[in-house]
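Heads up, the thing below is written out as structure tokens.
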Amino acid sequence: MRRTLKGDDKMVPPTTFQEQMQKLESISSHEEQLYMVLQLYLDLFPVRNAYLMRYSPLGHLAEGIISLQSIGMVYIGEIREDIRSYPIIFSAIRERQAKFCTGLDYLKQMSTKDIMPSTIHSMLVVPICYGPVVVGYICSSDFESEPFDEHSLSSFTLYGKQVGKIMLGATGAEIHQQLLSKRELEVMRRIAWGENTKEMADSMEISEFTVKQYVKSAIKKLGAQNRSHAIGELYRRGFI
């Protein structure tokens, strides 16, 4: 049964979220899990389409993965954008909160180099994050009802956080067990977020020498040539 936010019913009940997240968590195939992220999103909310994008803070780059539309699932790997050109997307990622814009506000928020068809006049952006890290987002441009208020946007935000927790939490545990130590993974994630050696040493309460040793060890285990290569490998494998 389709459960959507309509009328005064602005929030998805916690029990509904929990039930849907359990479905997502039970899926072992990464490809099927990505599809279900969008399918559950369409089932829960009053949206008619959904674009799933991968995001990297290195260059603020967004890359298309798949979309669900009226014609079915579409691969959108050709989409590749610097999200700093799109204030609403950049704001949603920076604040880790769902954002919605429509009408004149939409025109102000979007770049002239639009990632969506020119007929679009509204956009919803839902960041997918795990803690402070945003690894992607879902955006929609066709809705059953709008605009969305503060309460309904909070449900979208929660969905993005729950998805991030399921997909990245498990992945982080996997790499911890199979490849990098917990500390090595933490250091590499902090590098990806933009922290320097001193900032990491201060926040983790370890010496700068120890930070450098973790980095050196992680680079070696990943078979990388340098820090940037190692971070790229972790993003490619979906570990950060």
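Both backbone and side-chain heavy atoms feed into the values below; hydrogens, waters and symmetry mates do not.
- Of all heavy-atom pairs between Met36 and Tyr159, the closest is O-OH, 4.2 Å.
- Not one N or O on the side chain of Ser217 forms a donor-acceptor pair closer than 3.5 Å with the backbone of Tyr214.
- Minimum heavy-atom separation, Met21 to Ile166: O-CD1, 3.5 Å.
- Taking every heavy atom of both residues into account, Ser181 and Lys221 meet most closely at N-NZ, 4.1 Å.
- At least one side-chain heavy atom of Leu158 sits under 4.5 Å from a side-chain heavy atom of Gln162.
- Both Ile79 and Ile71 are members of a single hydrophobic cluster when ILVMFWY side chains are connected at heavy-atom separations under 4.5 Å.
- No side-chain heavy atom of Leu124 sits less than 4.5 Å from a side-chain heavy atom of Lys99.
- There is a path of hydrophobic side-chain contacts, each under 4.5 Å, that joins Tyr75 to Ile138.
- A cation-pi contact links Arg94 to Phe90, judged by a cut-off of 6.0 Å to the six-membered ring centre and 45° from its axis.
- Between Met188 and Ile231, the closest heavy-atom pair is O-CD1, 3.1 Å.
- In summary, the side chains of Ser141 and Asn49 do present a donor paired with an acceptor at a separation below 3.5 Å, with no hydrogens or angles considered.
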Walk me through whether Ile66 and Val74 qualify under side chain to side chain contact (heavy atoms under 4.5 Å, CB included). CA-CA 6 Å; Ile66 58 172; Val74 178; over 6 Å; no
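- Ring orientation note: the planes of Phe156 and Phe148 are nearly perpendicular, at an angle over 60° on the 30°/60° scale.
- With a 4.5 Å cut-off on side-chain heavy atoms, Ile83 and Tyr137 count as touching.
- Panel note: side chain Gln69, backbone Ala50; no donor-acceptor pair is recorded below 3.5 Å.
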With a cut-off of 3.5 Å and sequence neighbours excluded, list every side-chain donor-acceptor pair involving residues 197-204.
residue	atom	partner	partner atom	Å
Thr197	OG1	Arg227	NH2	3.4
Lys198	NZ	Asp202	OD2	3.0
Glu199	OE1	Asn196	N	3.0
Ser203	OG	Arg190	NH1	3.0
Ser203	OG	Glu199	O	3.0
Ser203	OG	Met200	O	3.3

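- Judged purely by distance below 3.5 Å, without hydrogens or angles, the side chains of Glu31 and Tyr35 never pair a donor atom with an acceptor atom.
- With values rounded to the nearest 0.5 angstrom, Leu61 atom CG is found 9.5 Å from Arg84 atom CZ.
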Glu186/Arg183 under salt bridge (Lys or Arg N to Asp or Glu O under 4.0 Å): CA gap, chis, key distance, verdict: CA-CA 5 Å; Glu186 181 180 0; Arg183 279 298 209 184; 3.3 Å; yes
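- Listed here is the closest heavy atom pair of Pro127 and Arg96: CG-C, 3.7 Å.
- Judged by distance alone, with hydrogens and angles left aside, the side-chain atoms of Thr210 form no donor-acceptor pair with the main-chain N or O of Ile206 at under 3.5 Å.
- Of all non-hydrogen atoms in Leu38 and Ser67, the two that sit nearest each other are CD1-CA, 4.0 Å.
- Donor-acceptor pairing under 3.5 Å is recorded for the side chains of Asp149 and Ser152.
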Assess the residue pair Arg48 and Glu144 against the criterion (salt bridge (Lys or Arg N to Asp or Glu O under 4.0 Å)); give the C-alpha distance rounded to whole Å, side-chain angles, the decisive distance to 0.1 Å, and a yes or no. CA-CA 7 Å; Arg48 295 193 181 99; Glu144 295 176 10; 5.2 Å; no
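- Side-chain contact between Leu52 and Leu34 is present, with at least one heavy-atom pair separated by less than 4.5 Å.
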